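Structure, as structure tokens:
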Amino acid sequence: MLGLKLETDPRWANIAESNIEEILTDHAWCEQKAATNAIKLVSLNSEHVDLVTELLVIAQEELEHFQMVHNIIKERGYTLGPERKDSYVNELFKFIIKGGNKHQQLVDRLLFSAMIEARSCERFKLLSTTIKDQKLAKFYHELMVSEAGHYTTFITFARQYGKGVDVEKRWEDFLLFEGELIKSYGKNETIHG
Ligand SMILES: [Fe+2]
Ligand SMILES: [Fe+2]
């Protein structure tokens, strides 16, 4: 799915389902981070009109996702806990090439974003087809579709702005790195856990 090298062990969905309160809180903060990342990309690349236009749409959609998860948290009588760290995302961030020219930096940041969208999409798909709670399953299906759209946008812009960069090679490098990284995950009730 989406070029991922390793599929999530389906048992992860059972772990997630066993602690809905925790997965919802973690998920809410993932959406906040996705919105923040899109805004950060705008501030780093403000000269590209088409990119800024699409990133502002993504930032709004991620904020909407954050609000949707928060509404579910409230409906279920929970409260949004403190911000969770996402060690998967932090590890992936280290793979971004530091320095280099602006095209290389933009391509890497876009591929980093596409990678997280791809894995999130895969996790949402698994939740939507596995968990017993039908309301949540439908919600995760909707998010899967939305995050797949973001994945496509990030990949498309990486190809568009990758002048002088072998984008396909770099994407394959990301996929291989992520395929190794994800082997240490799949054990916790977090979206990328
Ligand atoms: Fe999202
Ligand atoms: Fe997204």
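When a ligand or atom number is given, it counts from 1 through the structure's own listing order. Please read these numbers as outputs of a predicted model, since none were measured by experiment.
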Main-chain N/O of Gly100 paired to Gln105 side chain as donor or acceptor, under 3.5 Å: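 Yes.
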For the Fe ion (ligand 2): the N/O/S atom of Glu62 at shortest distance: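 This turns out to be OE2.
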Shortest-distance N/O/S atom, His150 versus the Fe ion (ligand 2):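 Minimum-distance N/O/S atom of His150 relative to the Fe ion (ligand 2) is ND1.
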Parallel, tilted or perpendicular, as decided by the 30° and 60° cut-offs, for the rings of Tyr185 and Tyr88: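 Tyr88 vs Tyr185 ring planes: perpendicular.
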Heteroatom N/O/S of His65 within less than 2.8 Å of the Fe ion (ligand 1):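 True for His65.
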Ring centroid separation Phe112 to Phe93 under 6.0 Å: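 Between Phe112 and Phe93, the centre distance is under 6.0 Å.
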Centroid-centroid under 6.0 Å between Phe124 and His27 rings: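 Yes, the ring centres sit under 6.0 Å apart.
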Degrees at the Fe ion (ligand 1) between the OE1 atom of Glu31 and the OE2 atom of Glu147, nearest 10°: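 With the Fe ion (ligand 1) as the vertex, OE1 (Glu31) and OE2 (Glu147) sit 120° apart.
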